[in-house]
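So the structure is just underneath, and the comments pick up after that.
In what follows, every chain begins at residue 1, and chains take the letters A, B, ... in the order their sequences are listed. Just so you know, these numbers use all the heavy atoms, side chains as well, and skip hydrogens, waters and symmetry mates.
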Amino acid sequence: MNAIVDSRTMDPKKLIKGATGDWEVIIGMEIHAQVTSKSKLFSGASTEFGGEPNDHVSLVDAAMPGMLPVINEECVRQAIRTGLGLKAQVNLRSTFDRKNYFYPDLPQGYQISQYKSPIVGEGEVVVDLPESGGQITVGIERLHLEQDAGKSLHDQHPTMSFVDLNRSGVALMEIVSKPDMRSSEEARAYVTKLRTILRYLGTCDGDMEKGNLRADVNVSVRRPGEPFGTRCEIKNVNSIRFIGQAIEVEARRQIGILEDGGVIDQETRLFDPGRGETRSMRSKEEAHDYRYFPDPDLLPLEFDQGYVDDLAQHLPELPDAKKARFIADYGLTPYDAGVLVAEQDQAAYYEAVAKGRDGKAAANWVINELFGRLNKEGKDVTTSPVSPEQLGAIVDLIGENVISGKIAKDLFEIVWTEGGDPRQIVESRGMKQVTDTGAIEAAVDAVIAANPDKVEQAKAKPTMIGWFVGQVMKQSGGKANPQAVNEILKAKLGI
Amino acid sequence: MTDLTDLTLAEARDALKAKKASSAEITGAFLQAMEAARGLNAYVLETPEQALAMAKASDERLAKGQGGPLEGLPLGIKDLYATKGVRTTACSNILGNFVPGYESTVTSQLWRDGAVMLGKLNNDEFAMGSSNETSAFGPVKSPWRREGSNAALVPGGSSGGSSAAVAARLCLGATATDTGGSIRQPAAFTGTVGIKPTYGRCSRWGIVAFASSLDQAGPIARTVRDNAILLRSMAGHDPKDTTSVDMPVPDYEAAVGRSIKGMKIGIPKEYRVDGMPAEIEALWHKGAEWLRAAGAEIVEVSLPHTKYALPAYYIVAPAEASSNLARYDGVRYGVRVPGKDIVEMYEKTRAAGFGKEVRRRVMIGTYVLSAGYYDAYYVKAQKIRTLIKRDFEQVYAQGVHAILTPATPSAAFGVGEKGGADPVEMYLNDVFTVTVNMAGLPGIAVPAGMSSDGLPLGLQLIGRPFDEETLFSAGEVIEQAAGRTKLPDPWW
């Protein structure tokens with residue numbers, strides 16, 4: 001293992017105020033991501049979620065006498081693809097080790113994992129920080145493949161626990177970061193970004209509710225400029241929000257101890273979201289001696305560079321590259337581009353709308369109108385009632401000055417609830433904007449004639465023109481082109 | 001016709017083919033012999049109904065001129081092999097009455113080729129032992145006795161049930177397994193032939209694991225030819241065992257009788273251990289002379305790291321065993337002794353389920369893998385293993401085809417005679433055989449003579465990787481020269 005290096009420059013804005021001064025929080029993370037594959041890491045059993053307990057259990061998963069593991073190539077492929085997505089070193093030779101401990105939901109009495117030589121080495125993830133702004137790079141220490149354990153059910157019987165092995169042997173990627181994060185926001189943003197990359201790659205669905213993505217969070221604090229402090233590991237945090245909360249309360253806990261003259265014990269802790277605290281699970285002394293050694297049932301995992309290159313060639317466009325392209329090709333702000341690429345489906349939807357149109361206008365409509373509305377209704381782009389073609393037509397109608405922005409919102413509402421071709425709706429419901437200057441001039445003249453006092457006021461205070469625009473628009477039922485109204489008014493009022 | 005149980009496997013095969021006997025007759029004769037020999041404790045489970053049904057099916061196939069290479073030939077199966085629907089315990093209490101729902105790859109290949117199962121054979125618990133005395137079913141008595149003595153002798157181990165059953169003519173041949181000598185030592189003790197093939201030659205799938213990097217399946221039978229016939233059916237690549245090797249299986253029987261003229265046979269000077277009985281030394285010398293007489297060139301070779309093999313083996317094998325046996329925890333199958341919580345349940349179950357030797361090895365293995373000791377023991381032992389492997393590679397690189405050594409440092413000893421106070425006394429039995437497992441090479445034990453008190457002694461031939469054929473050719477030269485061992489007349 002490499003020495004722990006402090007890759008960051010201290011940022012005073014990220015410090016936590018304690019009673020006796022400032023503290024810096026240091027965060028590193030181990031993410032367990034369930035590999036998307038049809039069958040388990042070393043057996044042919046299904047990885048399907050749910051089913052009756054012990055429905056998806058092979059002889060190997062149940063550790064029957066004489067059973068042997070056989071590596072599932074699909075899981076290897078997925079791990080390599082993930083490594084490539086993390087811009088990481090892919091190791092052409094890696095080995096599997098046994099991590100020995102007794103637990104009822106661990107049938108073999110050991111977990112097959114990669115301890116000494118992981119399949120993927122150092123890489124990095126570039127993370128945008130939406131709240132505080134800016135961007136950080138979080139180093140990846142390694143990624144390795146390992147088996148998941150089963151599940152103990154303690155609520156099925158008054159005196160006994162039951163064991164469900166459906167999950168036993170499912171492939172996990174453990175992705176270990178370097179201690180490169182300095183705030184709970186950074187940690188949340190890192191997990192969010194990592195999840196986005198995994199979802200783009202299709203190597204993990206990132207579903208934290210199902211436990212398909214779990215985080216162990218390492219937290220320590222120090223005075224600015226001092227060496228790293230003693231860390232505590234918070235196990236199995238299962239939502240991004242809880243990751244943030246766990247870090248905040250754990251940092252506060254450690255600062256409190258240190259400020260009272262105490263020392264931090266290196267230990268494993270659990271986060272209790274209900275009580276908003278972390279509590280000790282086991283101390284360093286109680287830590288298991290896992291007796292790692294190479295699994296003699298499995299030969300070293302070897303493949304050639306050609307295999308890796310082939311996988312690299314077929315990777316999808318990843319979020320960073322897509323974001324850069326959206327900025328360059330569609331003239332988007334980094335922020336808007338970041339929002340759009342957070343999910344592959346969103347980005348694809350946006351591109352369908354933006355193609356051949358004004359990219360910025362398309363982004364505005366997708367982000368503000370569509371996403372706003374989808375969020376409100378608990379939907380996403382894949383279940384959107386408004387298709388990219390329909391939204392594109394609305395953007396076109398605005399661009400062609402057929403409708404005003406305001407009318408467009410009404411039109412969007414109609415398309416959302418009733419569906420239909422926006423162009424036909426505009427036609428059939430008479431929503432077209434009036435650009436005929438003759439008609440607008442008549443309306444302007446009428447308003448001026450009816451309000452001589454306001455005309456005088458406007459001459460003294462030109463911003464009064466807004467009142468006139470409003471009146472004219474009202475007369476036209478909102479269909480007059482606001483630009484034209486403005487110009488004609490200016491001319492007639494002489495301002 | 002002689003007693004059907006006196007036939008070798010090859011003779012029985014030929015008799016069946018020539019319709020001089022039926023499988024039902026041969027199987028019936030063995031079932032009868034087994035019943036009469038229960039005092040030897042070679043079988044821990046007899047499966048007469050299954051045997052007769054399989055024999056009947058074989059006879060029907062033979063009548064139609066069909067049938068595989070082992071059609072109708074009754075065999076005994078070491079209890080380490082999972083047999084579908086038939087109790088499989090590895091002769092440990094911890095498996096209780098475990099009945100697997102699956103068949104090991106090796107036995108399924110035997111049944112595919114027409115063999116008949118007579119029952120499950122005794123062995124040292126989890127194959128840990130060299131005398132078959134650690135079995136939960138009690139020790140096996142060897143059919144052999146010293147001249148003028150009625151004292152019970154061990155049949156060797158761990159495949160003691162296999163060697164005793166073959167020597168007592170309770171089957172035509174038996175499956176066995178070898179982690180440190182468990183095929184070759186019992187064969188040598190009982191005047192039978194046993195081969196441990198190259199690591200990876202046979203699938204380990206469905207065989208209860210002892211030490212995965214050392215375990216290998218192989219046969220024990222009465223002759224070199226019988227071994228060759230059985231190994232051909234047992235060997236082969238298995239996608240379910242990634243350490244099995246995808247290489248074609250040769251017709252081993254064709255190697256039996258093949259000339260060894262011009263072959264180079266190495267005699268490793270490091271195998272001349274302190275305190276080796278003169279008769280073993282003399283036998284070894286005689287063996288070399290026989291091979292020379294058959295046209296082989298005898299050369300002295302050096303395997304300098306031999307003396308480290310046994311200590312290194314007793315680190316590697318227990319280390320792997322401590323992990324392999326973790327699955328016997330009382331949670332899913334086998335014996336469970338309840339406790340007040342899960343930890344106490346584990347402790348009580350494993351204390352009750354495992355015998356003394358197994359507990360000892362689990363503890364040694366746990367110790368050598370522990371933080372702080374791993375580098376000093378396990379890592380060092382693996383380095384020695386690499387050096388041992390290199391020793392052999394260098395010898396073979398000099399054009400040596402096979403290496404001749406004694407199979408054991410002594411003839412069979414008495415039940416209860418060894419290893420009571422000092423387990424190392426027992427471990428020393430494997431001094432000539434463990435190197436072969438550490439290097440993953442094939443080794444065959446062939447009877448070559450008798451001790452002064454009338455017990456069989458064996459020689460071992462160690463081959464190049466996947467060159468079992470040379471072992472069969474050279475082994476048969478020794479077998480022919482020594483004359484077939486006359487197996488003991490039934491006293492049991």
Practice problem: If the plane angle is over 60° it's perpendicular, under 30° parallel, otherwise tilted; pick one for A/Phe162 and A/His157. | Solution: tilted
Quiz item: Among B/Thr349, B/Thr89, B/Leu325, B/Asp329, whose side chain to side chain contact (heavy atoms under 4.5 Å, CB included) with B/Ile94 holds?
Solution: B/Thr349
Quiz item: Among side-chain atoms of B/Arg327 and A/Tyr110, is any donor-acceptor pair under 3.5 angstrom?
Solution: yes
Quiz item: chain A heavy atoms under 4.5 Å from B/Pro100: which part of the residue, side chain, backbone, both or neither?
Solution: neither
Exercise. Could you look at B/Tyr373 and say if it's the side chain, the backbone, both or neither that has a heavy atom under 4.5 Å from chain A?
Key: neither
Quiz prompt | A/Glu122/A/Lys178 salt bridge by N-O under 4.0 Å criterion | solution = yes
Quiz prompt | Atom group of B/Ile207 that falls short of 4.5 Å from chain A, counting heavy atoms | solution = backbone
Quiz item: Between A/Gln114 and A/Ser94, do the side chains contain an N or O donor and an N or O acceptor separated by less than 3.5 Å?
Solution: yes
Self-check item: Heavy-atom proximity to chain A below 4.5 Å, by part of B/Tyr199
Solution: side chain
Quiz prompt | Contact winner vs chain A - B/Ser322, B/Ala209, B/Gly372, B/Ala371, heavy-atom pairs under 4.5 Å | solution = B/Ala371
Quiz item: Which of the residues B/Leu80, B/Asp241, B/Thr366, B/Ile342 is involved in the greatest number of heavy-atom pairs with chain A at under 4.5 angstrom?
Solution: B/Thr366
Exercise. Any chance you could lay out the salt bridge (Lys or Arg N to Asp or Glu O under 4.0 Å) test for A/Arg279 and A/Asp272, step after step, and finish with the verdict?
Key: CA-CA 8 Å; A/Arg279 57 169 177 269; A/Asp272 181 341; 3.0 Å; yes
Quiz item: What part of B/Phe98 is in contact with chain A, defined as an atom under 4.5 angstrom from a non-hydrogen atom: side chain, backbone, both or neither?
Solution: side chain
Exercise. State yes or no: are the ring centers of B/Tyr367 and B/Tyr374 separated by less than 6.0 Å?
Key: no
Quiz item: Between B/Ser108 and B/Glu103, is any side-chain donor less than 3.5 angstrom from a side-chain acceptor?
Solution: no
Quiz item: Using a cut-off of under 4.5 Å for heavy-atom pairs, which of B/Thr88, B/Asn324, B/Leu95, B/Val331 has the most such pairs with chain A?
Solution: B/Asn324
Quiz item: Is it the side chain or the backbone of B/Ala319 that comes within 4.5 Å of chain A heavy atoms, both, or neither?
Solution: backbone
Self-check item: Donor + acceptor pair across side chains of A/Asn72, A/Ser39 (<3.5 Å)
Solution: yes
Exercise. Please state whether the side chain, the backbone, both or neither of A/Phe102 comes within less than 4.5 Å of a heavy atom of chain B.
Key: both
Self-check item: Under-4.0 Å salt bridge between B/Arg204 and B/Asp215
Solution: no
Quiz item: By number, which residues in residues 288-299 of chain A have some heavy atom less than 4.5 Å away from chain B?
Solution: A/Asp289, A/Arg291, A/Tyr292, A/Phe293, A/Pro294, A/Pro296, A/Asp297, A/Leu298, A/Leu299
Exercise. Establish, from distance only, whether the side-chain atoms of B/Ser213 and B/Arg385 form a donor-acceptor pair under 3.5 Å.
Key: yes
